[in-house]
Amino acid sequence: MDSSFYLYNSLTRTTELFTPLVPGKAGMYVCGPTVYSNAHLGHARPAITFDLLYRYLLHLGYQVRYVRNITDVGHLEDEAEETGEDKIAKKARLEQLEPMEVVQKYMNTFHRNMADLNTLPPGIEPRASGHIIEQQVMIRRLMEKGYAYGINGSVYFDVVKYDRDFRYGILSGRNLEEMMSNSRQLEGQQEKRNPYDFALWKKAAPEHIMRWPSEWSEGFPGWHLECSAMSTKYLGEVFDIHGGGMDLQFPHHECEIAQSTAVLGHPTVRYWVHNNMITINGQKMARSLGNFITLDELFSGNHPLLTQAYSPMTIRFFILQAHYRSTLDFSNEALQAAGKGLEKLMKAVALLDKLKTSGSSSADISALEQKCSEAINDDLNSPVLIAHLFDGVRIINSVYDGSVTLTAEDLEKLRKLFYTYVFDILGLKNESSGTAQPELISGLVELAMQIRTNARNNKDWGTSDFIRNELARIGIVVKDRKDGFEWEIKGD
RNA sequence: GGUUCCUUGGCCGAGUGGUUAGGUAGCGGUCUGCAAAACCGCGUACGGCGGUUCGAUUCCGCCAGGGACCUCCA
């Protein structure tokens with residue numbers, strides 16, 4: 001099996017052959033959510049993108065350490081303003097909850113949504129609030145090395161000094177001098193030596209609940225610091241993959257690079273991988289823009305913009321049908337199309353067990369295998385992979401209809417191909433409504449169909465159609481075939 | 001204003017210097033008692049204007065439109 005896996009590296013802006021730091025092992029850190037409200041469609045993009053990457057690395061035989069953090073402290077409403085309030089703390093105030101209740105509430109929802117989307121849980125899911133010590137240690141080291149300065153109980157990262165010794169802006173392609181000459185002057189940042197310096201430690205205002213003691217002040221860590229501290233703690237000073245949304249490239253990931261490099265003297269991440277955004281009416285879907293649809297709303301159809309509910313697998317398939325580095329535009333029409341396509345794919349998979357084999361094959365399964373492998377190896381090109389799988393769908397349906405033949409060996413190969421790509425790698429699963437009493441239902445349907453078959457034998461089309469129509473009305477679809485009939489419970 | 005990306009058929013969305021992406025929707029056909037499903041076929045898609053080339057949707061330039069980042073964001 002060809003395992004030359006190529007991945008686009010945002011840092012070098014090229015597609016590179018993936019070679020792990022340690023043969024047979026892969027380390028991956030992905031920026032998780034800030035848990036202060038419900039997860040929306042946009043959050044499904046990185047979750048599914050990096051789930052695909054995780055699953056594919058596992059498929060290739062790597063022992064993968066997958067770390068995805070939960071930001072539960074330190075994320076300010078407005079980094080630039082001195083008045084910036086911690087997002088969690090703000091929500092806690094609004095909902096009259098303990099900050100940790102807010103965190104737990106939305107973390108639970110996030111986990112439920114992720115499980116619904118059939119994403120595999122990360123191996124380690126560290127929380128910022130659980131790594132205050134590690135972050136403080138890092139601040140201390142940054143201060144010792146002269147890359148951080150304290151003032152009025154807060155500590156800031158010295159971007160200018162860092163830029164002199166290394167270079168600030170390598171990931172986002174920015175130049176500090178240009179940035180400074182082009183930036184508008186913001187009010188209320190007198191504490192910092194430079195507007196692009198960012199907080200490592202913030203002194204907590206008297207009313208601030210989330211606070212930890214430190215030699216600088218009672219306060220809390222800055223947002224960017226947690227990822228630097230936790231990624232190196234669990235993955236080492238150099239690790240393979242760091243993922244996240246493109247919108248995190250600057251400043252978040254840029255600051256992470258600066259912090260880690262300043263402490264260690266060398267870069268830590270080998271492949272930076274960024275997923276693109278989901279748009280709605282051509283605009284990025286974001287909590288702060290207010291144009292978002294939560295995953296629960298999508299699953300229930302309970303949102304003014306939704307004409308119907310969409311199942312988790314429809315959402316997953318919708319996302320996988322676009323390349324992860326392209327924007328993906330939300331619309332009901334697009335989601336419905338994805339749902340229909342997924343249904344077609346899953347029906348074909350179910351058909352694999354009903355196919356008859358022949359002495360010879362009239363379809364080239366090996367060629368299909370090759371194409372699928374090439375697609376996924378080409379920077380996780382899931383849309384092309386899916387296109388090839390639909391070629392396989394046509395083969396399956398044609399074999400079922402008898403216009404294409406397969407040997408037992410080829411059929412086994414095709415079955416393995418579909419199971420591997422559809423279930424293991426793309427992470428799709430069957431959602432057919434697990435009805436409560438399948439035996440009772442099938443017994444009743446079989447009874448009705450027996451009556452219908454008798455009617456058909458007597459060319460009593462009226463009775464035949466009546467039974468078919470009535471079954472359809474309660475959601476059971478009848479399909480007549482040359483040699484009998486089939487029926488199935490229609491999914492939503 | 002700075003940096004950067006995008007513009008593909010009704011919709012979503014791949015891709016390529018000359019050959020079918022795929023899904024969905026539409027149309028025609030096969031099959032069927034009629035359907036459904038499936039299969040087969042179809043519709044002159046590559047924002048505009050120039051250039052390079054034997055040949056450009058694909059490369060270059062200009063123009064138009066849109067997006068992302070430069071605040072928090074997946």
When you compare [N] with [M], how far apart are their [atom1] atoms, in angstrom units rounded to a whole number?
N     : M     : atom1 : value
B/C69 : B/A14 : C1'   : 26 Å
B/U58 : B/U7  : C1'   : 14 Å
B/G48 : B/A74 : P     : 37 Å
B/C54 : B/A21 : C1'   : 27 Å
B/G51 : B/G17 : C1'   : 15 Å
B/A36 : B/G67 : P     : 42 Å
B/A25 : B/C42 : C1'   : 14 Å
B/G18 : B/G22 : C1'   : 22 Å

Would you indicate which nucleotide in [options] comes nearest to any side-chain atom of [X]?
X        : options             : result
A/Gln321 : B/C72, B/G22, B/G15 : B/G22
A/Arg456 : B/G67, B/G33, B/C72 : B/G33
A/Leu248 : B/C70, B/G13, B/A74 : B/A74
A/Trp223 : B/C70, B/C72, B/A38 : B/C72
A/Glu178 : B/G2, B/G23, B/C39  : B/G2
A/Ile278 : B/G22, B/A74, B/G13 : B/A74
A/Phe318 : B/A74, B/C12, B/G13 : B/C12
A/Lys87  : B/G2, B/C72, B/A74  : B/C72

- Message: Looking at A/Arg456 and A/Asp460, is there a salt bridge between them, counting it only when a charged N and a carboxylate O are closer than 4.0 Å?
- Response: no

- Task: Decide, yes or no, whether a salt bridge links A/Lys479 with A/Glu488 under the criterion of side-chain N to carboxylate O below 4.0 Å.
- Result: yes

Tell me: [atom1] of [X] to [atom2] of [N], nearest whole Å?
X        : N     : atom1 : atom2 : answer
A/Leu328 : B/G66 : CG    : P     : 21 Å
A/Lys340 : B/A37 : NZ    : C1'   : 12 Å
A/Ile315 : B/C12 : CD1   : P     : 16 Å
A/Tyr324 : B/C12 : OH    : C1'   : 20 Å
A/Lys479 : B/C34 : NZ    : C1'   : 17 Å
A/Met277 : B/A74 : CE    : P     : 9 Å
A/Asn381 : B/G15 : CG    : C1'   : 9 Å
A/Asn113 : B/A74 : CG    : P     : 14 Å

Under 4.0 Å, counting only non-hydrogen atoms across every strand here, what does [X] touch: a base, just sugar-phosphate, or nothing?
X        : answer
A/His323 : sugar-phosphate
A/Ala334 : sugar-phosphate
A/Val30  : nothing
A/Arg287 : sugar-phosphate
A/Gly282 : sugar-phosphate
A/Ser288 : base

Under a 3.5 Å cutoff, is there a donor and acceptor pairing between the side chains of [X] and [Y]?
X        : Y        : value
A/Thr71  : A/Asn69  : yes
A/His323 : A/Tyr8   : no
A/Glu343 : A/Thr314 : no
A/Gln249 : A/Ser172 : no
A/Gln450 : A/Glu446 : no

- Message: Please compare A/Gln336 and A/Ala286 by the position of their nearest nucleotide in RNA chain B and report the one closer to 5'.
- Response: A/Gln336

- Message: Using heavy-atom distances to pick each residue's nearest nucleotide on RNA chain B, tell me which of A/Gly462 and A/Leu41 is more 5'.
- Response: A/Gly462

With a 4.0 Å limit, can you tell me whether [X] has a side-chain N or O closer than that to the phosphate oxygens OP1/OP2 of [N]?
X        : N     : result
A/Ser326 : B/A14 : yes
A/Lys344 : B/A38 : no
A/Arg394 : B/A38 : no
A/Asn276 : B/A74 : no
A/Asn275 : B/A74 : no
A/Tyr196 : B/U71 : yes

Nucleotide opposite [N] in a Watson-Crick or G-U pair, distances under 3.5 Å:
N     : answer
B/C62 : B/G48
B/G17 : none
B/U53 : none
B/G22 : B/C12
B/C69 : B/G2

- Item | Pair A/Tyr271 + A/His242: ring centers closer than 6.0 Å | no

- Query: Does the side chain of A/Tyr196 reach to within under 4.5 Å of the side chain of A/Val160, using non-hydrogen atoms?
  - Reply: no

- What class does the angle between the rings of A/His40 and A/Phe292 fall in, given that below 30° is parallel, 30 to 60° is tilted and above 60° is perpendicular? tilted

- Stacking here means centres under 5.5 Å and planes under 30°; does A/Phe390 stack on B/G23? no

Donor-acceptor pair present, [X] side chain and [N] base, under 3.5 Å:
X        : N     : value
A/Asp329 : B/G13 : no
A/Arg468 : B/A36 : no
A/Arg13  : B/C5  : no

